[in-house]
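A short worksheet on the structure shown next.
We count ligands from 1, going down the list as the structure has it; atoms in each ligand are counted the same way. Given the structure is predicted, the values throughout are model-derived calculations rather than measurements. Computed over heavy atoms, backbone and side chain alike; hydrogens, waters and symmetry mates excluded.
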Amino acid sequence: IERTLSIIKPDATARNLTGRINAKFEEAGLRIVAQKRIHLTKDQAGEFYAVHRERPFFDELTGFMASGPVVVQVLEGEGAIAKNREVMGATNPAEAAPGTIRAEFAQSVGENSVHGSDAAETAAAEIAYFFAGTEIVG
Ligand code: GTP
Ligand code: MG
């Protein structure tokens, strides 16, 4: 059974959308097997998003991710990585399919409400970045 790392981003926690976003995951058959609310520093956000370090929006991205609390969570299910990205919708909410989290809740390509791991290797690394094994209860 597959696991993926999800983050409910500051634009969504600010608008009290954690429960409605979690309902989308659970309705899709994803199980929330670990979850905590934290406030990242800009340095931590930069470490997490290190692959984007050369992108022109890196400073904006890390500043935004440190601008308020986030909810980090581990989602578990059959094909959890792909299923989560399907439920999230396209990065740009204007291109996100109807009914997806980003279509319903995201405000812009930057403030797009959720993050989800994009591959098995990144999922494992991202889960380990935030959670000890004992904090994940399947
Ligand atoms: P994540 O699940 O957050 O990784 O989103 P993604 O995989 O759909 O997108 P990608 O990995 O390409 O980009 C990572 C994040 O950077 C996005 O979710 C956005 O929050 C942000 N981002 C991407 N493009 C832009 C942009 O043009 N401007 C800004 N401000 N942020 C961007
Ligand atoms: Mg990504």
Discussion item. Can you tell me which portion of Asn112 lies within the under-4.0 Å heavy-atom range of ligand 1? Options are side chain, backbone, both, or neither.
Written reply: side chain

Worksheet item: Phe48 vs His115 aromatic rings, parallel, tilted or perpendicular, using cut-offs 30° and 60°?
Response: perpendicular

Item to complete: Considering only non-hydrogen protein atoms, determine which one is nearest to atom 30 (N) of ligand 1 and report residue, atom name and distance to 0.1 Å.
Response: Glu60 OE2, 3.0 Å

Discussion item. Can you name the atoms of ligand 1, numbered from 1 with element, that are less than 4.0 Å from a heavy atom of Arg55?
Written reply: 12 (O)

Discussion item. Between Glu135 and Lys36 (salt bridge meaning N to carboxylate O under 4.0 Å), is one present in this structure?
Written reply: yes

Worksheet item: Quick one: does Arg3's side chain have a donor or acceptor within less than 3.5 Å of a partner on Leu75's backbone?
Response: no

Discussion item. Please state which option from Phe48, Phe57, Phe64, Phe58 has its nearest heavy atom closest to atom 25 (C) of ligand 1.
Written reply: Phe57

Worksheet item: To which of Arg85, His115, Lys9 does the heavy atom nearest atom 7 (O) of ligand 1 belong?
Response: Arg85

Worksheet item: With a 4.0 Å heavy-atom cut-off (strictly under), which part of Glu126 contacts ligand 1: side chain, backbone, both or neither?
Response: neither

Worksheet item: So between Thr91, Val51, Leu61, whose heavy atom ends up nearest atom 8 (O) of ligand 1?
Response: Thr91

Worksheet item: Can you tell me how far CD of Glu76 sits from CD1 of Ile127, rounded to the nearest 0.5 angstrom?
Response: 9.5 Å

Fill in: Best match, Pro56, Gly110, Ser113: closest heavy atom to atom 31 (N) of ligand 1
Gly110

Worksheet item: Should Glu104 and Arg20 count as an ion pair when the cut-off is N to O under 4.0 Å?
Response: no

